[in-house]
2 protein chains.
Amino acid sequence: MHSKSYGVGMESFTIDDAARETGCSKHTLRYYEREGLLAPVAKAANGHRRYSEDDVGRIRFLQLLRATGMPIREMKEFVALTHAGDHTIADRVAVLAHYREALLARMAADREHLQRLEHKLDYYRGALAAADAVPEDITGNVRA
Amino acid sequence: MHSKSYGVGMESFTIDDAARETGCSKHTLRYYEREGLLAPVAKAANGHRRYSEDDVGRIRFLQLLRATGMPIREMKEFVALTHAGDHTIADRVAVLAHYREALLARMAADREHLQRLEHKLDYYRGALAAADAVPEDITGNVRA
DNA sequence: GTAGGACTTCGAGTGCACTCGAAGTCAAGA
DNA sequence: TCTTGACTTCGAGTGCACTCGAAGTCCTAC
């Protein structure tokens with residue numbers, strides 16, 4: 001899973017490893033770093049990125065934030081809060097609580113959409129069954 | 001709610017009515033029509049759009065498709081199927097069933113995201129409680 | 001008759017989140 | 001030595017779904 005080991009217990013991930021591990025593309029990983037969502041990642045002697053376990057964990061957290069619907073712009077602000085120290089924890093809670101609400105609202109909306117979709121499906125399936133029962137012409141012949 | 005009535009039981013909606021009724025912007029309503037998602041809407045003598053009840057219903061259905069995650073491109077194909085006649089109903093069912101699955105998958109993912117988010121919130125709230133319990137310096141003074 | 005306001009068309013612009021490509025560097029293998 | 005291939009940076013390009021703005025028309029009220 002990890003590409004190389006640099007000393008006992010000091011595992012690190014190449015960008016390929018990190019991409020495979022997180023499901024982000026390599027492009028996206030560099031993009032996140034460029035945008036400051038991820039602190040500059042350690043580099044090997046040849047200049048290649050070496051992601052730590054913690055880096056991978058942070059990437060996964062970023063993915064969670066995205067998945068809750070948080071835009072990149074606000075993720076930057078959130079990351080800034082985490083860098084600013086423990087006195088920003090209340091602020092962070094406020095932000096996460098906000099996205100928790102938004103997520104709950106989306107989930108409720110999705111449930112309704114699912115219902116409406118299934119209703120439509122039922123309607124179509126009913127039409128399909130009716131078409132099956134009654135031949136499409138009046139000759140009484142079954143279809144080819 | 002409706003702007004005008006043109007004969008008994010023949011209600012119609014101005015674009016403003018339709019926008020208010022569906023939550024789409026007027027821009028979006030014209031855009032959908034331009035893209036062929038909506039058949040050309042009737043026009044009053046002055047060239048202004050007059051949406052029928054059916055039009056509004058179709059718009060709501062389009063919104064449902066969008067909400068299930070269907071891109072505009074595929075919505076066009078779906079609309080084309082509905083215009084092609086009843087023999088496309090099986091195809092339409094296949095499409096809707098596909099988006100039903102996708103929606104279910106998203107809902108499951110969202111449930112997991114919600115859990116992870118709440119876990120993080122719990123963590124932060126714990127840190128907050130701990131910080132409240134222990135003064136931020138070692139003088140033993142309570143904070144201002 | 002003319003000013004205001006809401007509509008029309010149409011093409012262009014926006015915001016978002018990637019996604020890509022060119023040009024360069026570096027290390028390993030034939 | 002030379003090719004291969006994976007990485008690097010950086011700016012530019014993409015795709016999506018709107019969203020806007022300019023220019024024109026038409027009706028109403030003053």
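Each chain gets a letter, A, B and so on, in the order its sequence line appears, and its residues count up from 1.
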*Taking the six-membered ring of Tyr124(A), is NZ or CZ of Lys120(A) closer than 6.0 Å to its centre and within 45° of its axis?*
yes
_Less than 4.5 Å apart, side chain to side chain, heavy atoms only: is that true for Thr28(A) and Tyr32(A)?_
yes
*Can you tell me the distance, in whole Å, between the CG atom of Asp16(B) and the P atom of dG5(C)?*
15 Å
*Compare every heavy atom of Leu29(B) with every heavy atom of Ile59(B), then report the nearest pair and how far apart it is.*
CD1-CD2, 3.7 Å
*Where do Gln63(B) and Gly23(B) come nearest, in terms of heavy atoms and distance?*
NE2-C, 4.3 Å
*Can a side chain N or O of Arg49(A) be found less than 4.0 Å away from OP1 or OP2 on dT9(D)?*
yes
_Contact pattern, 5' to 3', of nucleotides 16-30 of chain C - B, S or - by protein heavy atom under 4.0 Å_ = SBBBB----------
*Name the one of Arg106(B), Arg111(B), Arg100(B) that satisfies salt bridge (Lys or Arg N to Asp or Glu O under 4.0 Å) with Asp110(A)?*
Arg106(B)
*What's the spacing between Glu77(A) CD and Asp91(A) CG if we round to 0.5 Å?*
11.0 Å
*dA6(D) P sits how many Å from Phe13(A) CZ, rounded?*
20 Å
*So does Lys43(B) get a side-chain nitrogen or oxygen closer than 4.0 Å to the phosphate oxygens (OP1/OP2) of dT8(C)?*
no
